[in-house]
Structure formats: C-alpha cells, structure tokens
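Order of the sequence lines sets the chain letters (A, B, ...), proteins ahead of strands, with each chain counted from 1.
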There are 2 protein chains.
Amino acid sequence: MAQGSTRPTSRDVAQAAGVSQAAVSLVLGDKWRGRVSEATAERVREAARDLGYRPNLAARNLRLGHTRTVLLVVPALTTEFFAGVYTGAARVAAEHGFGVVLYPSPEGIGPARDPFASAQAALDGVIASSMAADALTAIRGDQLPLVMLDSDPQGSLGAATVNLDIADGVRQIAEHLLSLGHRRFLHLAADVPSWTFEARARELSERLRRVPGTSIRTARAPISIEGAVAATERALSEARPRPTALVCDDDKLAAGAYKAARRLGLRIPDDVSVTGLDDLALATAIDPELTTVRLDAELFGERGMRALLAVLEGREPEGGDIPVRLVVRGSTAPPGRL
Amino acid sequence: MAQGSTRPTSRDVAQAAGVSQAAVSLVLGDKWRGRVSEATAERVREAARDLGYRPNLAARNLRLGHTRTVLLVVPALTTEFFAGVYTGAARVAAEHGFGVVLYPSPEGIGPARDPFASAQAALDGVIASSMAADALTAIRGDQLPLVMLDSDPQGSLGAATVNLDIADGVRQIAEHLLSLGHRRFLHLAADVPSWTFEARARELSERLRRVPGTSIRTARAPISIEGAVAATERALSEARPRPTALVCDDDKLAAGAYKAARRLGLRIPDDVSVTGLDDLALATAIDPELTTVRLDAELFGERGMRALLAVLEGREPEGGDIPVRLVVRGSTAPPGRL
DNA sequence: GAGCCGACGTTATACGTAAAACCTAGAGGG
DNA sequence: CCCTCTAGGTTTTACGTATAACGTCGGCTC
C-alpha cells in the first residue's frame, strides 16, 4: 500500500541485526538492561535506524490492550475556544504519555452521529464537550470511559462532568450592569438546544427577578454574526421603551449586536451597553472593546483530561467548577437619560 | 481497564449465538450471503446487540493492514480557516469510508516535533497544511503517503501539493488598490517563516514594481491583534509621507491595523485603505467591513483529501491551484487628498 | 447409484508486537 | 565435580479480527 515495498517490521530489523525479534522489541522498548549486551543493543538500534523502522501501532495497541489515545469531541471549531480546550487537554495528556485526537462534530452542538464511524482510531476514552444529550447516548454505546465538559451534571448518566462556573459569570455580568444603573435588559440568546445556554438564561432571569423594577426580554439567534444582527435589529426596534443593556450569550453574538446597533443609529455604550461571554480575540477587535466574561479554555481542557485520567485509573475525578472572571471594557457604561 | 469486565470480543458473540467466530465475522462484515442462513445471521446480530459488541479497531487494523484513517496536521486552530479545511477533508473522506484525525501542531506554523508521538493513532496517510520545511522532514520520517497543503511546490521533496492561488489573490488586491489610485503602500506582513507568507510578499512587490511612482514599505508582526496594533502604529507614524493603503497578510492583522489607525486618529477608508486575506467572520464584524480575499477553505480540504486518496490508490493527483476571489467591502476607497 | 453442486458452516492461519517462559554456556562456590 | 547463578539471548504465545481453505450433508442429474 505504501510505495511498492512494504514497511519494515521488527522482524526485518531482527534479521538485519542478526538477532531475534524478541531482542528487537526489548531493545527498542528500553527493557533490555541485563538482558541484552550493550554491543548487541547498539547493533539493533543501528539496524532500526537504517531501515527507517517504525513500530506498527495497530499491532502494539492490540498487544497492549490500550492505545493511550483519547478522543476529544467538540462542536464545530468556529471559535478559538475549543482550540484552547484542545491545547490544555493535549498538554496534560502528553505529560502522561497519552495522545489526543480531535473530533469536531459535524452537526455542531446538536446531535452527533457516531463519532467512531469517522474517527476510527482505537481509543481508550472520550472527552465530550458541550454535547447535547442524544449525542451522549450514541457515545455511551461504546462503553468507553467518558468525561463530559460543559454539560448538565444531572443528565450525564453517571459520567464524570467538568464545568466552567458560567452561572457565576452571568451573575457577575448582571451585578455589573445593575450597579451601573441598568434596569431594562435584552437577552440575546443562542438559538441552540444546549444545557449551557439554557443555564445562562435561567441564571440571568433568576438574578434580575430579585431586583424590583427590572424588565427582561429575550431574542433568539443562531450563533453567527448575520443571525445576531437580524435578531437584534428586530428586537431593538420593537421594544418600547428600549432596553439599555444587551446581554449576549457569547462574544460572536455581541459582535452581531454591535452591527445592529450601528444600523439603528445607536452608539455603544452611550445609548446601549453590550456584554459578551468567552473573551475571544474578537472581543478586542471590535470597537469599543467588549465587556465580557473570560473563560479559561486551556484550564478547562486540562481539568477535563485530568478527570479522564482519573477515571481510567479507577480514581475519583476531582470536582468543583472552574471560576470565571468578568472583564470590564468599553462596551458598558451607565444608561443615558432615557 | 474498562469497568472490571472486559469488552466482549467476536468470540464471545460466537459463543452466545452458538456459532464459530468466523461466522460472526462474516455476518457482521456483511459477507454472509450464501454462506450463512438468514436465521443464523439474525441470531448472530441479536447476540452482538445484546452484548453490546464493538469490534476491536486495533485488531481489525492489524489484520487489514490499513486503518482508513488519515491525519490532518494544521497550525494552531486560532482561526476558523482550518476548521473549514477539516470539514471539507472529512466530508470527502467519509464518502470513501475514511476517517480524519485532526492534529493541531503545538508550535503553530513553525517546526513541529513528531506528530505521531502525540497522535498515536495508526494511520494510512497524512495531509500537512501550512507546515515549515523542517516539520516536513519529521513527518517524512514515517514513510507515509503525504500531501502538502499551502506549501512550496519546489521544496516539498516530491510529495504531492495542493495550493490556493494566493498569488492571484494578492494580484487582485494590488489591482484593486492601484485602480483606486493608491501609490504609497504599507505591507503588514506576518512575522512567521512560512512559504505562504514569503510568497505573498514576493507577489506584492513584484506587481507594484511594474507601476512607476509606487512605493512600498514593510512592517512585520506576529499573527495576533496586539502584535499587529503595535507594528502598524509604529510604521504608520514613522513613514512620511504616510502610506494610503495598508495591505495585510491576513484578516486578523487587518483587525489590528484598524485599532492602530483609530489610535492615530485616522479614519478608514477616508484616510487609509485596509485589505485583509482569508475572509473570516472577523472581516464583517469590524467596522467598516473589510475588503479581503475569500479563501474557500472547505474546497481546499476537499482537494487535499482527494489528492491523498489518489496517492493511496497509486493514481496521479490532479493539479491546478484553487482560485480565490477579491471581496470588496467598505475598507477601501480612493486615497484622500494628501 | 456415482458424481456433483450448493447451502451452511467450521478450522486454521496470519497480521506485528510485547513479554513470559525457556534455554545455554561459563563463572564461581563448596 | 556438582550445583547454582547470571548474562545474554531465543522460542513461544496471545492480543482480536478477517478470510482462505476445508468439510459435510442433501438433493439433483444422468
């Protein structure tokens, strides 16, 4: 299948070095101390180098019964957030001799088909990020050790979960806007059936309900700039009196909200304050810079990987949500008079 | 390693169904017509379902001698461009029964260590996107079939290459700005040793040299918004007379240039025109919307995968660069009077 | 009624590796 | 001189799958 000549095996190396295949395995596996002479070991290493030998992973995995490879399932990679999650997970994995394979679910955050039909690598475990419940059951089909990221601790069928404390982030946003004096809110919600977005809506209305005189409207939009522009423009021109604060489910939606506000002749933050969530590069690219909640994606990935390693080793994964932090920038200010 | 009880094998299924292991393999591999009765086949399928049997991929890969899995190596996933490349590659792969494993090179666009130390999946081939030459040699170490994306056709050591016609994109940008009347250019170049960026610089100066009276300066910046801000601010305040057109190596750099211009009190496009390259979501999030060159990332991934399939089957991969298209938006206009 | 064939399986084998179990020669002790 | 020990290997086996090669039993043909 390669280029006519087939890849060399450990047996070929053995023959070239004049030893048995077992000796090759011992030397290359670094288990030869006291079993093979230094001179022979060197001969083996040289033969392996000359032939360009690489072990056949499929055979090794079969023999060993594990692959030291885990799958990270993420929604479509349209923001750098999941790149950060991967980076963190891969770093921890590497420290433990594991590899991480990335599988961007084609259906985005919605139901996934069977990740394993596509990512055919043999796996030791799975980290699934921001997946809907039905995708989860597909994954559970292969009874692999599983860790869920950013998902409902209740509905996770007993799998370990690791979460960012987004509820607290939403609370911080609400505090910030309330203390600036805002009372009329518009929530620009991601139109995606996902636990994490439902939780954001719940937390926001929960917090505002406790303050007399506040009102909150909701607009739904797909997570894309154009979608957000349309939804925001509609909601902002219909609502009377106009909301003074626009709370967006993520930074991308906020970027759309900027454009909608501009089209309506509204200035940010003078006429309307806007907040995001994620702290992507986008947040500082737009003008004014966006007040948002910073999520530590790398730490998130690290904790996810650590949890999976714990499960693999039969330990109890450590609990506790990852704290998040409000970053105040230029898109929020006290409401203008009327 | 799983949960105490080990995963069922085809032999377990055979025992449960009262047949031989071979029969199980035939039935589940859909090769049983005329070899096994319908009744027996159904018994086998039922047993497999009851036990929750999943074939051991490592064993299958070993037996078959291939994995139907290819690796896609990309620089850090900080833009959605490579997400598109993946999507296109994965779609074509799926049509041919292949899976794609994504490996974001930790060193970004620079030299990669050994992708296979991390992505331990057993592989049939590799698609490497935008990799430096030294990373290439590491990959070539495993004599796997290889396709290079966005890389120097000369320096690719005989591997198949697939490229976007970025040179033409740069030409289109130059034409556009020249025809608007611009003569003093600043090239905001990505400070990354990569063929693709060198080619952009070469093409731009090549094109401008042919027009008398043009001048071009170059500023280098890492591919990040802050980096671009600093480099642009410096270059724009030093250069006298000030350039009227700012050609950026990609959209992200352009976003940084916007901020720098704003700090210097320059309006876009009235005081300075700006162009990008990529057409990311970012391009329409900033104000004014960015004139840029659209790259069809998905088509790029598709073509890359098709080329790899051709190599795997011993066919000649089809050549020809993928065309790109200038998208004119609000960030370019005729130069103001001095 | 000998020969053949199709239906329905089973047995045996190989893929490449890791490692347990085994072998052999020489050194050293008693 | 016999026994044991150690260095330095080799032989063998198992991992789980796919498939080539091999039965076996009726029924049909001529």
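Using a 4.5 Å heavy-atom threshold, the side chains of B:S25 and B:S10 count as separate. The closest side-chain heavy-atom distance from A:Y53 to A:D12 is not below 4.5 Å. Side-chain contact between B:T40 and B:E38 is absent, with no heavy-atom pair separated by less than 4.5 Å.
Non-hydrogen atoms lying under 4.0 Å from DNA chain C are contributed by B:S37, B:T40, all within residues 37-48 of chain B. DNA chain C lies under 4.0 Å from at least one heavy atom of each of the following residues of residues 8-20 of chain A: A:T9, A:S10, A:R11.
A cation-pi arrangement is present between A:R45 and A:W32 under the rule of less than 6.0 angstrom and at most 45 degrees off the ring axis.
B:L64 has its CG atom 17 Å from the P atom of D:dG16, to the nearest Å. Atoms NE2 (A:H66) and P (D:dG16) sit 14 Å apart, rounded to a whole Å. If you measure from atom CG of B:N61 to atom C1' of D:dC15, you get 14 Å, rounded to the nearest angstrom. Look at CG on B:L26: it is 10 Å from P on D:dA20, rounded to the nearest Å. In this structure, B:L62 places its CG atom 7 Å from P of C:dG16, rounding to the nearest Å. A:Q21 places its CD atom 7 Å from the P atom of C:dT17, with the value rounded to the nearest Å. Atom pair A:N56:CG and D:dG16:C1' shows a separation of 14 Å (rounding to whole Å applied). Atom CG of B:L57 is separated from atom C1' of C:dC15 by 15 Å (rounded to the nearest Å).
Partner A:V73 forms a side-chain contact (heavy atoms from CB on, under 4.5 Å) with one of A:I127, A:L102, A:V101, A:V126 and no other, that one being A:V126.
The two residues A:M148 and A:A159 come nearest to each other via the heavy atoms CG-CB, 4.0 Å.
Looking at heavy-atom distances under 4.0 Å, A:R35 makes contact with a base.
With salt bridges taken as basic N to acidic carboxylate O contacts below 4.0 Å, none links B:E318 and B:R306.
Positionally, the nearest nucleotide of DNA chain D for B:A59 lies more toward the 5' end than for the other of B:A59 and B:K31.
The main-chain N or O of A:D321 is never found under 3.5 Å from a side-chain atom of A:N163 such that the two would form a donor-acceptor pair.
With 3.5 Å as the limit, one finds no donor-acceptor pair spanning the side chains of B:D150 and B:S129.
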